Amino acid sequence: MPPEQEPPQPPGPEWETVCRVCGYDDGVEPFWEAGWPNEGAICPCCGSEPSMSDVSVMGLRNLRGYWLGQGAPWDSPSSRPKNWDILEQVKHIPAEWR
């Protein structure tokens with residue numbers, strides 16, 4: 001009998017609090033845990049919900065382009081900081097997801 005094989009792990013750190021689409025990071029709510037999406041998390045900035053489709057750089061770029069093309073609206077406007085700077089925020093997107 002062959003040994004049981006572990007399912008492959010998606011790329012990413014053990015605990016990821018940065019939205020891969022817009023770079024929002026509150027440092028608390030994880031979007032990814034142990035390499036898997038925290039499907040209950042919703043980004044208050046771009047409205048993205050982590051899913052296994054987020055392991056494709058091209059898919060993330062499409063979501064990001066759509067969000068930016070709409071004017072980068074906040075999904076939860078009350079969460080938007082007064083001094084919000086989109087250029088500073090997108091710098092937080094990990095290099096492997098840009």
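Numbers here simply count residues along the sequence, with the first being 1. Remember, predicted model here, so these are calculated numbers, not experimental data.
In the hydrophobic cluster analysis, where Ile, Leu, Val, Met, Phe, Trp and Tyr join through side-chain heavy atoms closer than 4.5 angstrom, L63 is grouped together with I86. A continuous path of Ile, Leu, Val, Met, Phe, Trp and Tyr side chains, each step under 4.5 Å between heavy atoms, connects L87 with V21, placing both in one hydrophobic cluster. Transitive grouping of hydrophobic side chains (ILVMFWY, heavy atoms separated by less than 4.5 Å) keeps V18 and I42 in distinct clusters. Linking ILVMFWY residues whenever their side-chain heavy atoms come closer than 4.5 Å, directly or via other members, places Y24 and L68 in the same cluster.
Looking at E16 and W97, their side chains come closer than 4.5 Å, going by heavy atoms from C-beta outward. In this structure the side chain of R98 never reaches within 4.5 angstrom of the side chain of L60, judged on heavy atoms. P30 has its side chain within reach of N38: a pair of non-hydrogen atoms, C-beta onward, lies under 4.5 Å apart.
Taken from CD in E29 to SG in C19, the straight-line distance is 11.5 Å, to the nearest 0.5 Å. Taking SG from C45 and CG from D25, the interatomic distance works out to 11.5 Å, rounded to the nearest 0.5 Å. Distance check: W74 CH2 to S79 OG gives 6.5 Å after rounding to the nearest 0.5 Å. To the nearest 0.5 Å, atoms CZ (R20) and OG (S56) are separated by 10.5 Å.
Closest approach of W32 to P50, counting heavy atoms only: NE1-CB, 4.1 Å.
With sequence neighbours excluded, no residue forms a ring-ring contact (aromatic ring centres under 6.0 Å, His included) with W67. Qualifying side chain to side chain donor-acceptor pair (under 3.5 Å) partners for S48, counting only residues two or more places apart in sequence or in other chains: none.
Applying the side-chain hydrogen bond (donor to acceptor under 3.5 Å, both in side chains) definition to pairs two or more places apart or across chains, those involving residues 85-95 are W84-Q89, E88-K91.
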